[in-house]
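Keep in mind that what you see is a predicted model, and the values were worked out from it rather than measured.
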Amino acid sequence: MIVDMRRNRERMIREQLEARGITDPRVLSAMRKIPRHLYVQEALRLQAYEDHPLPIGYGQTISQPYIVAYMSEQLETAPGMSVLEIGTGSGYQATVLAEMGLDVYSVERLRELHFATQKLLRELKYYHIRLKLDDGTMGWPEMGPFDRIIVTAGGPTIPEPLVHQLADPGMLLIPVGKNKRMQQLVRIRKQDGDVTLERLCGVQFVDLVGTHGW
Ligand code: SAH
């Protein structure tokens, strides 16, 4: 069983990530190491390394491996940076960022997911990933500013508190769009007081629900 999962994971790295142009060694080694199958429900473990998102309960999903890798790469991080994630969900993306050497803070609005993920991350000994149960569209003001912010749910607009809590220089990645089925992945850079916006690609995320979300 353990051997099979390793093999599935290696195949995922080769066929879904490297073959599609993911080259960041920190992203690849993090995703090669993390047991993604432990972040999904037991009945879905054999599908954990397939090329699509999977349900994690409460109407939410763990993102497709390629999307996790792509966003982690596009975040242009260096070890030691602080990163705020909005939408902890399964905790997989947060773990990838932690394995990349980042100081990770992650906010989830659903109580059940927050506590289930807190338990899992403790079992896996990721004690240094800090989790909070709250509306992440308000950010985590006491812990900011953050070098990087990554939002893994899609909202209608860019939450102002997140731009405010971004360090200078800093970068924010967020799926945005008025259409709930299809968003644009947007990258916002803060540099010398200027804020610029760049559209990366079309994506499909679950709803960002909150004061500055749906
Ligand atoms: N990064 C996650 C993806 C989870 S799906 C992973 O690796 O598994 C997106 C998550 O965002 C869901 O769990 C959803 O409940 C959460 N979410 C939606 N709106 C939110 C908000 N305002 N604040 C925090 N979390 C939110």
Side-chain angles (χ1 to χ4, degrees), residues 8-40 48-54 56 60-108 117 120-121 124 126 128-131 136 140 146-154 162 165-167 169-176 183-190 198-206 208:
N8 289 351
R9 196 147 69 227
E10 274 309 317
R11 253 184 83 182
M12 168 191 89
I13 299 282
R14 232 180 20 250
E15 296 176 6
Q16 300 172 38
L17 310 188
E18 290 175 339
R20 292 184 197 150
I22 303 292
T23 56
D24 186 330
R26 282 162 55 240
V27 174
L28 294 170
S29 80
M31 290 182 68
R32 186 168 273 132
K33 175 174 174 194
I34 301 166
R36 178 173 162 98
H37 58 281
L38 300 183
Y39 292 74
V40 304
Y49 297 96
E50 292 177 2
D51 194 14
H52 49 75
L54 283 171
I56 53 172
Q60 309 305 324
T61 56
I62 178 173
S63 305
Q64 178 189 7
Y66 175 75
I67 286 292
V68 173
Y70 179 76
M71 288 179 79
S72 304
E73 189 170 81
Q74 293 301 320
L75 211 50
E76 296 179 3
T77 62
M81 282 183 173
S82 63
V83 54
L84 171 67
E85 180 198 24
I86 308 306
T88 312
S90 68
Y92 182 67
Q93 174 75 74
T95 309
V96 171
L97 296 168
E99 283 289 351
M100 289 169 66
L102 306 170
D103 193 14
V104 182
Y105 299 80
S106 182
V107 185
E108 169 60 51
T117 297
L120 175 72
L121 294 184
L124 296 176
Y126 287 106
H128 53 298
I129 299 177
R130 271 148 293 188
L131 302 179
W140 193 337
F146 302 94
D147 299 310
R148 300 287 183 266
I149 301 180
I150 175 172
V151 184
T152 59
L162 299 185
Q165 288 166 40
L166 201 55
M171 191 187 285
L172 160 66
L173 271 189
I174 180 170
V176 190
Q183 306 104 17
Q184 283 288 316
L185 184 61
V186 166
R187 179 157 61 187
I188 287 146
R189 289 174 198 269
K190 196 188 267 188
E198 171 193 5
R199 287 181 183 79
L200 296 180
C201 59
V203 286
Q204 236 181 322
F205 275 88
V206 298
L208 179 68

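Within the 4.5 Å cutoff, the side chain of Val27 has no heavy atoms near those of the Leu17 side chain. Between Met71 and Leu75 the shortest side-chain heavy-atom distance does not fall below 4.5 Å. At a threshold of 4.5 Å between non-hydrogen side-chain atoms, the residues Tyr39 and Ile34 count as touching. With a 4.5 Å cut-off on side-chain heavy atoms, Leu102 and Met81 count as touching. Tyr70 places a side-chain heavy atom less than 4.5 Å from the side chain of Leu200. Side-chain contact between Met171 and Leu166: absent, with no pair of heavy atoms (C-beta onward) separated by less than 4.5 Å. Counting heavy atoms from C-beta outward, Arg26 and Thr77 have side chains that approach closer than 4.5 Å. Looking at heavy atoms from C-beta onward, Phe205 lies in side-chain contact with Ser63 at the 4.5 angstrom threshold.
Using a 4.0 Å cut-off between charged side-chain N and carboxylate O, Glu99 and Arg36 make no salt bridge.
When all heavy atoms of Leu28 and Ile13 are compared, the pair lying nearest together is O-CD1, 3.8 Å. Scanning both residues, Ile129 and Ala94, for their nearest heavy atoms gives CD1-O, 3.9 Å. Shown here for Leu162 and Ile149, the closest heavy-atom pair between the two residues is O-CD1, 3.3 Å. In terms of heavy-atom proximity, Gly136 sits nearest to Ile86 at O-CD1, 3.4 Å.
Separation of atoms CD (Gln165) and OG (Ser82) is listed at 11.0 Å; rounding is to 0.5 Å. Going from atom CZ of Arg9 over to atom CZ of Arg14 covers 13.5 Å, rounded to the nearest 0.5 Å. Rounding to the nearest 0.5 Å places CE of Met31 at 10.5 Å from CE of Met100. In this structure, CG in Leu120 is found 7.0 Å from OG1 in Thr95, a value given to the nearest 0.5 Å. The CD atom of Glu85 lies 9.0 Å from the CG atom of Leu131; values are rounded to the nearest 0.5 Å. Atom CG in Leu54 sits 10.0 Å away from atom CD in Gln64 (nearest 0.5 Å).
Just one residue in the list Arg11, His37, Glu10 forms a side chain to side chain donor-acceptor pair (under 3.5 Å) with Tyr49, and that residue is His37. Screening Leu84, Val68, Ile150 against Leu97 for a side chain to side chain contact (heavy atoms under 4.5 Å, CB included) leaves a single residue, Ile150.
In this structure a side-chain-to-backbone donor-acceptor pair under 3.5 Å is present from Glu73 to Thr23. At least one donor-acceptor pair under 3.5 Å links the side chain of Arg187 to the backbone N or O of Gln74. At least one donor-acceptor pair under 3.5 Å links the side chain of Arg148 to the backbone N or O of Glu76. Put simply, the side chain of Thr117 gets close to the backbone of Gly89: a donor and an acceptor are under 3.5 Å apart. A donor-acceptor pair under 3.5 Å links the side-chain atoms of Thr152 to the main chain of Gly87, judged by distance alone. Here the side chain of Asp103 pairs no donor or acceptor atom with the backbone of Gly80 at under 3.5 angstrom.
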**OP:** Please report the C-alpha distance between Gln183 and Val176 in whole Å, then the side-chain angles of each, then the deciding distance to 0.1 Å, and finally whether the side-chain contact (heavy atoms from CB on, under 4.5 Å) criterion is met.
**Re:** CA-CA 5 Å; Gln183 306 104 17; Val176 190; 5.6 Å; no
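Using a 3.5 Å distance cut-off with no hydrogens or angles, the side chains of Gln60 and Ser90 do not pair a donor with an acceptor.
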